[in-house]
Amino acid sequence: MNKFKRYTVTSALPYANGPVHIGHLAGVYVPADIYARYLRLKNQDVVFIGGSDEHGVPITLKARKEGVTPQQIVDRYHEIIKNSFKDFGISFDIYSRTSNKIHHQTASDFFTTLYNKGEFIEKTSMQFFDEAENQFLADRYIMGTCPKCGAEDAYGDQCEKCGSSLSAEELINPRSVISGNKPILKETKHWFLPLDKYESELKQWILKDHKDWKANVYGQCKSWLDSGLFPRAVTRDLDWGVKVPLEEAKDKVLYVWFDAPIGYISATRELTKDWEKYWKDKDTKLVHFIGKDNIVFHCIIFPSMLRHEGSYILPDNVPANEFLNLEGDKISTSRNWAVWLHEYLEEFPGQQDVLRYVLCSNAPETKDNDFTWKDFQTKNNSELVAIMGNFINRTMVLTHKYYNGIVPEPFKDTEYEKEIRSEIKRIKHSIEKNIENYKFREALKEVMNITRLGNKYLADTEPWKLIKTDEDRLKTVLYYSIQISAISAVLSEPFLPFTAEKLLKMLDIDKPEWDKAEDFDLIKSGHKLNSAELLFSLIEDDKIEIQIQKLLRSKEMNELEKKTVLPQKDTISYDDFIKQDIRISTILEAEKVPKADKLLKLLVDTGIDKRTIVSGIAKYYRPEEIIGKQVCVLVNLAPRNLRGIESNGMILMAEDKDGSLKFISPENACGNGSVIS
RNA sequence: GGCGAGGUAGCUCAGUUGGUUAGAGCGCAUGAUUCAUAAUCAUGAGGUCGGCGGUUCAACCCCGCCUCUCGCUACCA
C-alpha cells in the first residue's frame, strides 16, 4: 500500500429527490467509510468525498408537481441526507452539493477545456419546443397519445400504460406538460462526447490494465466495450443545471451525468486549496465507491472525460457493489419498501453500529443479498452482544472485581500468550489485506475473531479459579485480556466507530495508531480503567416485530394502491366507438416467436378469415394450452410488423394491476366472427 | 433472444495457478463451565459443490450444452 502518497475516496452522489436507505448504505457508504477510516488510522493522507446530486429532470418534475422550486426540493433532501449521514458516522471530509457555485464553476471550466481542445462533436437536430413558455421540452415534458396502445398520457420517453419506450416524435397529438400547448419542432444544437473514438484506449486501460477489478465491474465494462460505444450528448435544453458556457448555448445546461461526477472534484476544491494534488498527482490513488447501476459512468464515461481534459488522473479502482434486497423483495422508493436511514436513527438511537455491522457482514459484494430484520436481530444478539460485548464485559468485570480496575503487572508469558500474540498479528494483517482489496465482509469477520479469541482465552485459563490458586498467572491473563480489548477497539474502529469510541472511553485511553495494535502495551500496568458499561444491548422480539409490522403496512398500502382503478377516460361518441371492429375468434395455432421473450405468433379464425396475429402474452400463456380458445380480436387495427412477422389485429386482454394479462372470452361457445358491440 | 454476474451445508458466504477425508460464521444437537447481557468453551450432525456430457491419472475449479435467480438490452398491442 506504500505505492501511493495519498488517497482520494469518493462515494456516489445520492440523488436529492428522496432520503437515503439501507441499500445505498450497504452498497456504497458503509464500505467507503470503512476504507476511509482505515486509511486515516494508518496515517495516510486521505480525502473522503460525498455530496448531493441536485440536477436533472426528475427533480424539476417533482418541484412542479409540488408547486415549489427545484432549489426548494434539493434543499429539503440535501439537509435530510447530510444530517442522516452525519448521525450515522459516515466520515466525509466534506459533504457538498452540485447546486453550489463552486461546482457550477468547476463543471463549466471542465466543459470549456474539453471544448477548446476540440473534443466534442456538434450535432443539430429537431426537438419539441413550447412557444408559450419559450423553452425546449425534455422527453419527460411531453405527453401525448401512445402510438402503440392508444393511452393518452404517454410520456415522450415511455408510455407508462404499456411500458413501451418511445421517442417524443412518435407521440400522437403531443402536448407540453408545462403549458398544455401543442409544441412545435424546432432546430437545436447539442454537444456530444465521442466515446466511439475512445474505444481502443478504454479497451487497453480496462480490459488489459485492470484485470484486477471486481468480476462484476470488469464484466460489465467488457460487455459495453464489446458491443461498441456511441457519442453521448453532454448538453440539454433545460434551465435547471449548470449553464453551458457558450454564447450560442446560453439556454442550455450540462447533462446531469456530465456534471455529477465533476461534483467530486468541486467538493474537493471546496474542501481545500490543495485540491489539485488529490486529482492531478500521479502518486494519488483515486477510488470510486458506487452501486452496480453506476458502473458505466464511472468506468467508461467519467474516466474518458478526465483523460481528455488532460490534467487529471484516472481511478485506480471502482469497487461497485450489487444490490441489497429487503425481506426478499427489491428495495423500492415508490413502493416505500425500504428501511430509511433517518427513520432508523430515530427508532434505534445510539445503535448506529448495529446497522453498520449487519450491512457490512451481509454486504452485496459479489451478488445481490437480502436484509431481514430477523437476521438483524440475530447478528446483534448472538454476535455483537454475545461475542464482542461479552468479552469486553467479562474483562472489565474481572479487572474491577479482582483489582479495582487497575491494570495488573503481567508475570510471565506462557506458550499460550505467544500464540495469542501471533494470532493477533495474523488477524491484523488479514484485516489490512482484506480492506485493501475491498473485501470488507471478510475483514469484519476477522475483527470478530479478535474477541472470539479472547473468549476462548478466558475459558481456557479460567481466571475465576486462578484467583484462588495462582495469582501471578491471573495477573498475566487479565493483562492480556485488557490488551486484547484495546486492540479490538482500534481494529474495529473503521467498522464500528461508535463502539470503538465507547470502548476507548471505558479503557480510558486515547485512540492509538493502527500499527500499534499488534503490540501488547497499549495500556500500561497501573493504569485505572473506567467503570464497565455494556457495549451492545440485546434487541428483543417486540422491537423487531414493530419493524416487520411497519413493512407489512407498506405492503398493504401497495395492495390498496393496486385496487385503485384508473380514472374514466374522456367521453366519446357512439360513432367513435363503432369504428372499432371486435370479433369473436378462435385460436387455431400458437407458437413462440424465436428470439423474443414475450411474443407468441397466433393463427386465429376470425370468421372473416384466418390470419396471423403476434401478441405479447408469452409470459402468461403457453402455446399448447391456448389452442382452441375463443378470444376477442380487434380486427380492423392497422397491420404492424413485429420481429419480422406481420401482425393483423390485436387480441384484447384484461390487464391486472400487477401487469398480468388475461383473455376476454365469451361465456359459452360463440360463432367465429360474432360482432362485439 | 443477446450480454454480464451468480447458483457450494437449514441461513449468509469462503474456496487461491485443477491434486489425498470440500471450509467459516450463524442456527441445531450433546457435553463442560459460571467471570459474563442464559452470554462463553468443546464436540458433533448436516453437502452426489444447479443438471448432463467432455478434457485429464485427477475437476467445485477447465470446455460444451441445459436449467434457475438478478441486472442491462431487444421484442409486447
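Just so it is clear, the model here is predicted, and its values are computed rather than measured. In the text below, chain A, chain B and the rest are named by the order of the sequence lines, each starting its count at 1.
Across all strands shown, B:rU56 remains unpaired; no Watson-Crick or G-U wobble contact has both distances below 3.5 Å. Judged by Watson-Crick or G-U wobble contacts below 3.5 Å, the nucleotide B:rA39 has no partner. Of the nucleotides present, none pairs with B:rG46 by Watson-Crick or G-U wobble criteria with both distances under 3.5 Å. Under the Watson-Crick and G-U wobble criteria, each requiring two contacts below 3.5 Å, nucleotide B:rA24 is paired to B:rU12. Under the Watson-Crick or G-U wobble criterion, with both distances below 3.5 Å, B:rG6 is paired with B:rC68. The base-pairing partner of B:rC75, taking Watson-Crick or G-U wobble contacts with both distances under 3.5 Å, does not exist among the strands shown.
Nucleotides B:rA14 and B:rU21 place their P atoms 25 Å apart, quoted to the nearest Å. Nucleotides B:rU16 and B:rC60 are separated by 13 Å at their P atoms, to the nearest Å.
Using a 4.0 Å heavy-atom distance criterion, A:E462 is classed as making no nucleic acid contact. Heavy atoms of A:L535 sit under 4.0 angstrom from at least one base atom. Within 4.0 Å (heavy atoms only), A:L637 reaches sugar-phosphate atoms of the nucleic acid but no base atom. Residue contacts for A:V593: at a heavy-atom cut-off of 4.0 Å it reaches no nucleic acid atom on any strand shown. Across all strands, A:F536 comes closer than 4.0 Å to base atoms (heavy-atom distances). Within the nucleic acid shown, A:V397 comes within 4.0 Å of sugar-phosphate atoms alone, with no base atom in reach, counting heavy atoms only. Among the heavy atoms of the strands lying under 4.0 Å from A:N390 is at least one base atom, whether or not backbone atoms are also near.
Taking side-chain N and O atoms only, A:K439 has a distance below 4.0 Å to OP1 or OP2 of B:rG15. For the pair A:T378 and B:rC11, the criterion of a side-chain N or O lying under 4.0 Å from OP1 or OP2 is not met. Distances shown here put every side-chain N or O of A:R394 at or beyond 4.0 Å from the OP1 or OP2 atom of B:rC41. At B:rG7, none of the side-chain N or O atoms of A:T366 fall inside 4.0 Å of OP1 or OP2 (strictly under the cut-off). Put simply, A:K456 has a side-chain N or O that comes within less than 4.0 Å of OP1 or OP2 on B:rA42.
Residues A:K505 and A:E533 are not paired through a salt bridge, judged by the lack of any N-O separation under 4.0 Å between the basic side chain and the carboxylate.
At least one test fails for A:K502 against the ring of A:F536: distance under 6.0 Å to the centre or angle within 45° of the axis.
Not one N or O on the side chain of A:S223 forms a donor-acceptor pair closer than 3.5 Å with the backbone of A:G219.
The minimum heavy-atom distance between A:Y15 and A:P58, with the atom names listed, is OH-CD, 3.5 Å.
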